[in-house]
There are 2 protein chains.
Amino acid sequence: MQKNIEFIDKLRSSGLRPTKQRLKICEVLFNREETFHFTIKDLVKKISDNLNEKISLATVYNTVHAFKDKGYLKEISINSDKSYFDTNITNHHHFFDEDTNQLIDCEDDYIENINIKKNITGKKINSVEVLIKVASDNQNQN
Amino acid sequence: MQKNIEFIDKLRSSGLRPTKQRLKICEVLFNREETFHFTIKDLVKKISDNLNEKISLATVYNTVHAFKDKGYLKEISINSDKSYFDTNITNHHHFFDEDTNQLIDCEDDYIENINIKKNITGKKINSVEVLIKVASDNQNQN
DNA sequence: CAACAGTTTAGAATAATTATAATTTAGTTT
DNA sequence: AAACTAAATTATAATTATTCTAAACTGTTG
């Protein structure tokens, strides 16, 4: 569990002012054992569940984008109408449960290393991400 | 190149009435050598470029969704605010050029087979897709 | 503590998509 | 081929996620 003072340093060191709102969002996002996968809506809900004061929607968007730009969050590509974010910023892959719309980290032992044999000429690879869509075994869902 | 009569059969066989609009959209989508990656906006533009008559936006959405449901199109997950569709419905992966926002098919010889060693209990795998984000080699882009 | 740039905010604006309800059309029945 | 019915199309309104705007506020620096 990180302390407030650590968040302040973290923010300052990347040129973000440690405002009340950003610190609250840090607490919600980073004071946890497990990776947090969330949409903006999820985060807004977590904030209003955990805090007394409210943070405006615009600030939540601003902060999430700032955190993403600074590398504290990753944005995950899901076949969807909204963006998912991930507090796990290491290189890793995902399962997406189509029954529940839940994003699940794919541990390293679940998948063999991805080997890109050729690349587009003149481009560098920025990321390689695997998305494994799963659904109930016993039903016909899509 | 497929003929109109083939599209009519194709649509009928999957329980879709071969309407004028759907046939026009079939022509635009499937009468081509290469895979077509597109957003709804792209498709609307192609339609208005190629045809005299106009098709309403709602119909374009309806048709693309119907075609997707019937398996004539795939929807591709991109880190973005809009949906991309693909006329290549085989299992395959993608490059996404972040400079140009272009989606590029990843040929089989570009990537080694993906091997999922473990899966989520009680779920079946519906799809495995790799997205390789690339950008200019000589610039600092993100 | 004054000044200033960086932040927050409510609310408006935008953009993609979906819903609605009236009209039209395709396929079937007479 | 006229009549019927369910499916499809359409213009438009509604919805949803996200971004923009401009005013008010706050953190930092001197």
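Reminder, nothing fancy here: chain letters follow the sequence lines and each chain counts from 1.
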Where the side chain of [X] meets the backbone of [Y], is there a donor-acceptor pair that is under 3.5 Å apart?
{"X": "D49(B)", "Y": "K46(B)", "value": "no"}
{"X": "Y72(B)", "Y": "K10(B)", "value": "yes"}
{"X": "R22(B)", "Y": "R17(B)", "value": "yes"}
{"X": "T63(A)", "Y": "V60(A)", "value": "no"}

### Task
Establish whether L131(A) and I114(A) are linked, either directly or via other cluster members, by ILVMFWY side-chain heavy-atom contacts under 4.5 Å.
no

### Task
Consider only side-chain heavy atoms of I, L, V, M, F, W and Y, link residues closer than 4.5 Å, and tell whether F38(A) and I89(A) are in one cluster.
no

Measure the distance from [atom1] on [X] to [atom2] on [N] and round it to the nearest whole Å.
{"X": "I47(B)", "N": "dT9(D)", "atom1": "CD1", "atom2": "C1'", "answer": "13 Å"}
{"X": "L23(A)", "N": "dT8(C)", "atom1": "CG", "atom2": "C1'", "answer": "14 Å"}
{"X": "D42(A)", "N": "dT18(D)", "atom1": "CG", "atom2": "C1'", "answer": "16 Å"}
{"X": "I55(B)", "N": "dA11(D)", "atom1": "CD1", "atom2": "C1'", "answer": "15 Å"}
{"X": "R22(A)", "N": "dT28(D)", "atom1": "CZ", "atom2": "P", "answer": "10 Å"}
{"X": "N62(A)", "N": "dT7(C)", "atom1": "CG", "atom2": "C1'", "answer": "8 Å"}

### Query
Do you know which two heavy atoms are closest between C106(A) and I132(A), and how far apart they sit?
SG-CD1, 4.2 Å

### Task
Return the minimal non-hydrogen interatomic distance between D97(A) and K123(B), and the atom names on each side.
OD2-NZ, 2.8 Å

Enumerate the protein-to-nucleotides 15-17 of chain C contacts in which both atoms are nitrogen or oxygen and the separation is below 3.5 Å.
{"unit_1": "dT17(C)", "atom_1": "OP1", "unit_2": "S83(B)", "atom_2": "N", "d": "3.1"}
{"unit_1": "dT17(C)", "atom_1": "OP1", "unit_2": "S83(B)", "atom_2": "OG", "d": "3.4"}
{"unit_1": "dT17(C)", "atom_1": "OP2", "unit_2": "Y61(B)", "atom_2": "OH", "d": "2.8"}
{"unit_1": "dT17(C)", "atom_1": "O5'", "unit_2": "Y61(B)", "atom_2": "OH", "d": "3.4"}

Give me, pair by pair, the N or O atoms of the protein and of nucleotides 24-30 of chain C that are less than 3.5 Å apart, along with how far apart they are.
{"unit_1": "dA26(C)", "atom_1": "N3", "unit_2": "R17(B)", "atom_2": "NH1", "d": "3.4"}
{"unit_1": "dG27(C)", "atom_1": "OP1", "unit_2": "R12(B)", "atom_2": "NE", "d": "3.2"}
{"unit_1": "dG27(C)", "atom_1": "OP1", "unit_2": "R12(B)", "atom_2": "NH2", "d": "3.1"}

